[in-house]
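Here the structure is laid out as structure tokens; the discussion comes afterwards.
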Amino acid sequence: MPVRDRPDVIVIGAGIIGCAVACELGRRGAAVRVLESRDVGGGATQASAGILAPFIESDRSRSLRTLGAESLELWDDFVARAVVDSGRDVLYERTGTLEVATDEPSMRRLEQTRSALLAAGVECRLLRAEEARAAEPSLGRTVGGALLIPSHGFAGVAALTAALRQAGAARHGVSFQTGVPARRIRARPRGGMAVETAAGTLDGDAVVLAAGSWSGGVAVEGGAPLPVRPVRGQLLHLAWIGEPLARVVWCPGCYVVPWPDGSMLVGATVEDVGFDERATVAGMAALMEAVGAVLPEARNAGFEAVRVGLRPGTPDDLPLVGPSASAPRLVYATGHYRSGVLLAPLTARLVAALMLDGREDPLLAAVAPGRFDAA
Ligand code: GLY
């Protein structure tokens, strides 16, 4: 994959993934141009709660847990570098998560998760109802127990994305062009790649497609549309007036992220409604019901805002990261579904190693785009 000493790479998409990849490629010496159809971070990224929790619901996919755990290890450096290189502040807390159970079956599931995590060397602790309420006094009487995982955390995603953009532009020579949709990617007959946009054609040595839910809308010469579909998530921003929560609380039907300024993010719906980015009464009501059942004080919170994002889902809920089978110097970094923020530093590292060192990390096997014919 490495094409020359200072390859000219076009990154399509400036969400958290595109910005992290662009920054890493630029830091490692590539000349990077980023194309974005909206504003930087204006897609799913702006609606993300920023939870970093690879060990919650990790029984659903062993591969995702492995990738998430690897990426979590990179977060301290990832944020520190973005802060230093941009000169901006980024909210980043590793205060843990408390996953609560409200009935016997979910308590049994937490017990199984605890055993599996301890066997894998992940620190965690099962709390009885009264211990859980001692840890988080705002929990209601419906809570029968909880699993505490101290290594988890959360980040302020909008500030982090802005910091990556600033770091990329100011320190690593990355240029950003917003409001320009990419239409088609093709190989040039004499080498190099071309990206056709609404504002003309760009030439480069290589292309990274990181357009999230919109990746399938960028045609790739010789390839079928990517199997990436939008999955709507609605997220409430509330002004919390109860006892401050000490950590992320994961409940049946929702999660809660407590910001130090007293506000609280409550997410998120999971809706298969195509490219519909509206907030709905039903979505907000479902979130309010779920959060109120576990944190009764949430019913008295102030309403600040609702955000809506379209997560890029794939048929097996795993991302698409790696070289395209149909275009020689096209690399995919998309389809991260519910884990885009968590997996951003790992994706950036894997893509840069592939493109600049020609090194195909074994971790790429589970997310190889070639597992789907179209890619
Ligand atoms: N990453 C959490 C969500 O997708 O709702």
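One-based numbering, in listed order, for ligands and for the atoms of each. No experiment lies behind these values; they were computed from the predicted model shown.
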Problem - Numbered atoms of ligand 1 (with element) below 4.0 Å of Ala268, judged on heavy atoms - result: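 Near Ala268, the atoms of ligand 1 are 5 (O).
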
Problem - atom 2 (C) of ligand 1 [closest protein heavy-atom partner, distance rounded to 0.1 Å] - result: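 Residue, atom and distance for the closest contact: Tyr255 OH, 3.3 Å.
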
Problem - Closest approach of any protein heavy atom to atom 4 (O) of ligand 1, naming residue and atom - result: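 Answer, as residue, atom name and distance: Arg311 NE, 2.6 Å.
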
Practice task
Decide yes or no for Phe78 and Leu160: does some side-chain heavy atom of the first lie under 4.5 Å from some side-chain heavy atom of the second?
Solution key: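 Side-chain contact under 4.5 Å: yes.
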
Problem - Any side-chain heavy-atom pair of Glu196 and Arg186 under 4.5 Å - result: yes

Problem - All salt bridge (charged side-chain N to carboxylate O under 4.0 Å, His left out) counterparts of Arg27, not counting sequence neighbours - result: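 With sequence neighbours excluded, Arg27 shows a salt bridge (charged side-chain N to carboxylate O under 4.0 Å, His left out) to Glu24, given in chain and number order.
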
Practice task
Could I get the full list of side chain to side chain donor-acceptor pair (under 3.5 Å) partners for Ser175, not counting sequence neighbours?
Solution key: none

Problem - Distance-only N or O hit between ligand 1 and Arg338, under 3.5 Å - result: yes

